[in-house]
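Everything below concerns the one structure shown next.
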Amino acid sequence: MLVYVVRRLLLAVPLLLGILFLTFFLMQLVPGSPVERLLGERGGTPEERARLMREYNFDRPWWEQFGLYVARLARGDLGTSVNQVPIAAEIADRFPNTCILALTSVALATALGLLTGVLSAVKPGSWTDHACRFVAVFGLSTPVFWFGLMLMLFFALKLRWLPSSSDTPSLAVNLILPSITLGLRPAAFIQRVTRSTLMDILRTDFIRTARAKGLSEWTVVLGHALRNALLPIVTLIGLDLGSLLSGSVITETIFNFRGIGLYALKGIQDRDPNVVMATVLLSSFLFLLANLIVDVLYAVLDPRVRYE
Amino acid sequence: MSRRLTPLQAGWRLLSGNPLTLAGAVGAAALCVVAVAAPWIAPYPVGVESLASTLGTTLEPPSLGHLFGTDWHGSDVFSKVIMGTRVTIFIGLVASLLSMVIGVLVGVASGYFGGWIDTVLMRLTDVVLAFPSLLLTILIAASLGSGVTSIFLALTVSGWAGTGRMVRSLVLTLREQEFVLAAVAAGAGAGRIIFHHILPNCLSTLIVLFTLRIGITILSEASLSFLGLGAPSSAPSWGVMVFYGMDHVRQAPWVAIWPASAIAVTVLCFNFLGDGLRDALDPKMRDVL
């Protein structure tokens, strides 16, 4: 198992390098150098510009720049943004926010998805089932920004219950609408998978045995069936968490939430190569890590799964 | 023994038996009609904003005269939404088609020829798949500057990888089938085998992937526009309309809500249709997609 994990981690290295290279290449296509944008309207003296160009290695050919970046990254240095703020510090400041948002959203999604999924599977074809499935389809098709916008307009502007952007200090209050917005889609996925897996399992022999023993329906469903349906559900939750941890650009923009997604977007808007590289690297790494953890969890949850 | 149904008949059978799929199909068809006939449906001409704003009817709430109200320029939001159908559906269809074509080319090349081609193409696919997809789209659109071409490129480059992976796996199975071996034995060349034997057998999967892709593409375009990276135009897409509507969302929420709702309904239609088609044409895919 350990060998497997190490091999997967090693395989991720060339993949991440590829992603970095693609990002770097795209940032090279951006017209104008970041130095000009940094100096802004005052333009700066030619010496000042030359110094900045040298400082950020913008005067070297692009392959050298990329090599230097990777070499610095290997030493654990993410560099500074064009306005001189260390990127590691900025990420350390924002990442906890994104983590809390991701965890709350996934917790909400899991609760809602499991509940509706189980209700659906227990009585397929009933009106509860139809209602739950409609919610799922709604969740899968609704554009995140539309849902976020509606929530914001309704709760923040109409009812004035919640603040519509993160300028008030309380994180707890500011968390509610973004987590609902972000959690809707994962909830829909979890509902679908729970329903279909549970329905398959409820038809198997050991469930009939459990019922024949005289166990209550809820013990059968929750204790026997749901436990065996957990594998695909855990997969989904893990992958969702992985993608949410890398921040959600849209949700963070709507609610002006100070997280990684908004930072990445700002980096792209400022044409700031170091910020973009760092945020993309973090997102991709978390995505790959989530995949790996899910694969490892398979083996933990299901002893039949073995990795060589 | 029952008569074998063609995929189309099976599709129709499911379409008529499944209200959601039928709703999706009818909705998607209606949207296409609206897109084509937009100039005749829109009650007000779009693009003469300066004229209207002098009349003092900016940010007017929805009324009988202006069903969806008016925007900051005094334009009729309903007319703009109708005209936006054209732009949005066009981008959705064309960009989905482009990414499908690239995905099929990559998948077929990878799966059929194998070897180093497969290795190179699949590593490339891995990179795109592990790249946060919205960030990639934003990055491409931002680095190429605003314009319709950069939107298409951004949506295509970030959208082909899933199709590529899927087609590759299909080709790998098909390549070992007896009818393909028979064609090889009969002396058919690679081109003939690919176009006459392998691709026709991928068709049902491709149709499903395409239908589901349209929804994803429209959403990505809307997200891009929502972040201010859409193509500005006198007849903007729905996403661009939402972006500008956000400026006045507190005084005049209708300017943003209607185009945003149009996106939601459109994606819903294509997803219903795609889901239904998937069940009808390719029940095996139910767990994969």
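A, B, ... follow the sequence lines: proteins, then strands. Residue 1 opens every chain.
- Contacts between B:Phe131 and chain A at a heavy-atom distance below 4.5 Å involve backbone atoms as well as side-chain atoms.
- Ranked by non-hydrogen atom pairs under 4.5 Å with chain B, the options A:Leu286, A:Ile268, A:Leu29 are led by A:Ile268.
- Residue contact with chain B, scored on non-hydrogen atoms closer than 4.5 Å, involves the backbone and the side chain of A:Leu15 alike.
- Heavy atoms closer than 4.5 Å to chain B are found in both the backbone and the side chain of A:Ser284.
- Neither the backbone nor the side chain of A:Leu16 comes within contact range of chain B; no heavy atom of the residue lies under 4.5 Å from a heavy atom of that chain.
- Here the shortest heavy-atom pairing between A:Arg271 and B:Ala142 reads NH2-O, 3.4 Å.
- The contact between A:Leu26 and chain B is made by backbone and side chain atoms together, counting heavy-atom distances below 4.5 Å.
- In this structure, chain A has no heavy atom under 4.5 Å from any part of B:Leu124.
- When side chains are defined from C-beta on, A:Thr142 does not count as touching B:Leu268, because their heavy atoms never get closer than 4.5 Å.
- In terms of the side-chain contact (heavy atoms from CB on, under 4.5 Å) criterion, residue partners of B:Thr119 (sequence neighbours excluded) are, by chain and number, B:Arg123.
- Using a 4.5 Å heavy-atom cutoff, the side chains of B:Ser261 and A:Trp146 are in contact.
- For the atom pair CD (A:Gln269) and CG (B:Leu229), the distance works out to 7.0 Å, reported to the nearest 0.5 Å.
- Between B:Leu227 and A:Leu265 the shortest heavy-atom distance is CD2-CD2, 3.8 Å.
- Atom CZ of A:Phe25 and atom CG of B:Leu139 lie 11.0 Å apart (nearest 0.5 Å).
- Other residues, nucleotides and ligands place no more than 12 heavy atoms under 6.0 Å from the CZ atom of A:Phe285.
- We find the CG-CG distance between A:Leu22 and B:Leu136 to be 6.0 Å, quoted to the nearest 0.5 Å.
- No more than 12 heavy atoms of other residues, nucleotides or ligands lie within 6.0 Å of OH in B:Tyr244, so this atom counts as exposed by the packing criterion.
- Neither the backbone nor the side chain of A:Val193 comes within less than 4.5 Å of any heavy atom in chain B.
- Heavy-atom distances place the side chain of B:Asn271, and not its backbone, under 4.5 Å from chain A.
- When the candidates B:Ala256, B:Gly215, B:Gly228, B:Ala264 are compared by the number of heavy-atom contacts under 4.5 Å with chain A, B:Ala264 comes out ahead.
- Interface remark: B:Leu224 contributes no atoms to any contact with chain A (heavy atom separation under 4.5 Å).
- Heavy atoms closer than 4.5 Å to chain A are found nowhere in B:Phe270, neither backbone nor side chain.
- Taking 4.5 Å as the limit, some side-chain heavy atom of A:Phe145 sits within range of a side-chain heavy atom of B:Ile263.
- For a residue to count as touching a neighbouring chain, one of its non-hydrogen atoms must lie under 4.5 Å from one of that chain's; by this rule B:Val265 does not touch chain A.
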